[in-house]
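One structure is given here, and the rest of the page talks about it.
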Amino acid sequence: MKLVAQKISRQFFRNSQNTNVFEAVKETDFVLEEGKISVIVGRSGGGKTTLSNMLCGLLMPSSGKVFLDECDLYALSDDERSKIRNQYIGIVPQGQTGLSSLTVLDNVLVPVMMYGDPETKKEEAMTLLYRLGIDDLANVYASDLSGGELRRMAIARALINNPEIIFADEPTGDLDDETTQIVFQLLRELADSGHSVLMVTHEKDALEYADHVFEMKNGVLL
Amino acid sequence: MRIAWTLSINNIRRKLFRSFALILLVLCLSFAVFAGGMTIMSLQKGLNSYTARLGADVIVVPNNATSHGAVDDIFLQGITGNYYMSGRDIQKIYGIEGIEAISKQFYLTSAKASCCSSRVQIIGIDPETDFSIQPWIQDTYQGKMGMGDIIVGANINVPLSRTLRFYGNDYYVVAQLSRTGTGLDSAVYTNMATIKEMAANSVTLLDTDAFNSVNIDTAASAVLIKVKKNKDAETVADDINIHITKVEASSSRSMIASLMSGLSGVSRVIGILTGIIWILALVILMTVFMMISNERQKEFAILRISGASRKILFEIMSMEALLISSIGAVLGILIGLVIVVPSASILSGMLQLPLLMPGLMAMIMMIIGSFALALLATLIPALWSAHKMTKSETGLLLREDA
């Protein structure tokens with residue numbers, strides 16, 4: 001599955017009167033290739049997350065289009081785009097993201113619960129948790145996890161539907177060196193098996209696993 | 001729907017304080033709507049029953065009756081009293097123009113009845129001429145009351161022996177009347193011969209001077225009048241008041257009018273209070289849900305990135321609101337039933353108005369209505385906050401969260 005962005009940009013308003021316009025991402029073309037890991041690096045506030053959110057269908061560009069194969073992502077209805085996101089795109093967001101009232105296993109199965117039967121994916125979920133080293137926490141509530149454990153749970157959640165495209169925004173932010181290597185290795189394996197991976201990171205180690213490296217500076221992709 | 005159910009159940013279970021506070025709020029709301037609505041309906045039914053039972057156009061009582069409480073007090077509150085007008089004054093009433101039928105009633109207050117914790121009013125009627133109580137009695141008892149037979153109101157406890165003792169004699173209960181919500185429920189009814197025997201016994205037993213100035217055989221406590229079709233009840237009552245000085249006549253329309261104004265006043269206050277509580281609860285729930293939605297931005301963002309459409313987010317919010325409001329509404333209505341139904345007579349006394357619980361169908365409708373209003377008051381804020389949250393793009397929610 002190929003993701004192509006054509007001349008996308010995104011502006012934000014800094015005040016409620018919508019007069020102070022700030023351009024987070026300037027007109028950009030981008031192609032996320034199948035079976036490759038693309039890494040975007042850059043300083044904070046450079047527009048990396050905004051670009052990543054536009055590419056994965058979470059943030060409507062102010063201009064331009066995003067195509068998933070032949071499909072114009074933002075021409076779809078919310079229902080259609082959500083379903084595509086659920087089935088083809090796995091997202092590991094920035095920060096600690098867990099549904100505190102659910103157990104780790106249920107958190108991982110959330111994308112399955114939306115359009116399918118979670119029972120069919122329980123085994124896969126446990127395998128993912130095992131690979132990420134938190135299988136012993138399957139029945140623990142997310143509210144009781146540490147930052148690093150939450151991050152690993154979010155990675156498992158993003159991968160549970162075996163998505164063809166994976167977006168990971170600072171996926172190793174709270175992880176120790178050993179787990180960081182496990183996560184990078186996992187993403188590399190996924191890319192090698194045909195998945196497309198876009199990683200936004202500060203982590204220099206990530207570059208070792210990257211096929212393409214981009215730098216984002218003041219809203220411009222270099 | 002699976003995600004909505006799983007998340008809602010877990011959110012309610014895991015966020016106990018939040019769930020408890022919301023359930024309590026809905027409970028108060030449904031209780032207020034149910035209890036308020038039931039009270040208004042009971043008052044309306046009580047008044048209808050009272051009007052139907054009164055059956056007369058004009059009611060005449062002796063002047064001294066007002067010192068015991070007027071006749072409407074006896075009917076409404078069961079305030080007992082022994083007052084009598086003489087046979088001569090009653091004969092004068094027969095002479096007033098425009099009267100179609102007259103029915104006499106003889107009241108006697110029991111001294112200490114074996115049947116009741118408090119004194120009861122015994123009402124003697126002439127079944128041959130009575131048009132006020134007899135039709136109501138016939139709903140329950142079609143036989144003819146013989147000497148020593150009594151019929152009791154719904155609030156009187158009837159012993160297994162079916163006899164009640166008044167002034168040294170036992171009297172046989174032939175029937176018990178259906179509830180009216182008025183003081184008549186606490187009264188005992190019998191024919192004139194029996195009540196006059198009781199009255200005579202009371203003189204012997206209690207050495208009372210109540211009958212010093214009247215002849216028990218010809219006296220009556222109240223005279224109920226039906227006026228001819230072309231005559232005005234107010235005019236007949238005025239004529240009686242002008243021509244017979246020892247009695248006081250009032251039209252039942254004026255009695256009911258004062259009750260009606262009392263009822264509409266009380267109903268309006270209850271209705272307004274219920275409305276205020278509903279709006280207040282709605283505003284509080286709106287605020288609470290807005291606060292919760294701010295707290296839940298992150299949760300919604302996680303669901304969105306996992307592929308939840310706006311529709312799914314609405315389902316989640318609705319399911320949680322429905323579960324919370326259902327629990328709160330059921331508890332509120334149950335508490336309402338437990339409090340309002342048994343305390344109807346106390347409430348009736350406090351409001352000085354007849355009060356009669358509505359029938360089963362009306363009560364079911366009231367339960368459904370209260371339930372629906374409680375659901376609505378929770379669903380509106382829940383969907384409103386879901387709408388506000390889903391309006392924001394997920395990318396922005398994630399940015400705000402970060």
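Computed from heavy atoms alone, side chains included, the values below leave out hydrogens, waters and symmetry copies. Here is the naming used below: chain letters follow the sequence lines, and residue numbers restart at 1 for every chain.
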Heavy-atom count check: over 12 atoms from other residues, nucleotides or ligands less than 6.0 Å from A/K122 NZ?
no
Rounded distance [0.5 Å steps], OG1 in B/T6 versus CG in A/L109
10.0 Å
Need one label for A/F167: side chain, backbone, both or neither, based on atoms under 4.5 Å from any heavy atom in chain B.
neither
Any chance the side chains of B/S309 and A/D78 put a donor and an acceptor closer than 3.5 Å?
no
Between A/K83, A/M60, A/E80, the one whose heavy-atom pairs under 4.5 Å with chain B are most numerous:
A/M60
Got a sec: does the OH of A/Y88 have more than 12 other heavy atoms crowding it under 6.0 Å?
no
Show the nearest heavy-atom pair for residues B/L7 and A/S101, with the distance to one decimal.
CD2-OG, 4.2 Å
For A/M54, which atoms come within 4.5 Å of any heavy atom of chain B: side chain, backbone, both, or neither?
neither
Let's test your reading of the structure: which of A/N107, A/I89, A/L102 forms the most heavy-atom pairs below 4.5 Å with chain B?
A/L102
A/E123 atom CD, over 12 foreign heavy atoms within 6.0 Å:
no
Assert top hit (heavy-atom pairs under 4.5 Å, partner chain B, pool A/S77, A/P118, A/G90) equals A/P118
With a 4.5 angstrom heavy-atom cut-off, is it the side chain or the backbone of B/R296 that approaches chain A, or both, or neither?
neither
CG-CD1 distance between A/D106 and B/I3, expressed to the nearest 0.5 angstrom:
8.5 Å
Do A/M113 and B/S306 come within less than 4.5 Å of each other through their side chains, counting heavy atoms only?
no
A/N86 CG to B/I312 CD1 distance, which is reported to the nearest 0.5 Å:
7.5 Å
Please answer whether the main-chain N or O of A/L58 pairs with a side-chain N or O of B/R304 as donor and acceptor at a distance below 3.5 Å.
no
Should A/S143 and B/R14 count as side-chain neighbours, where that means a heavy-atom distance under 4.5 Å?
yes
If we only count heavy atoms from C-beta on, is the A/L99 to B/L303 side-chain gap below 4.5 Å?
yes
Using the side chain to side chain contact (heavy atoms under 4.5 Å, CB included) rule, take B/N10 and A/T103 through it: C-alpha gap first, then chi angles, then the decisive distance, then the call.
CA-CA 10 Å; B/N10 281 291; A/T103 61; over 6 Å; no
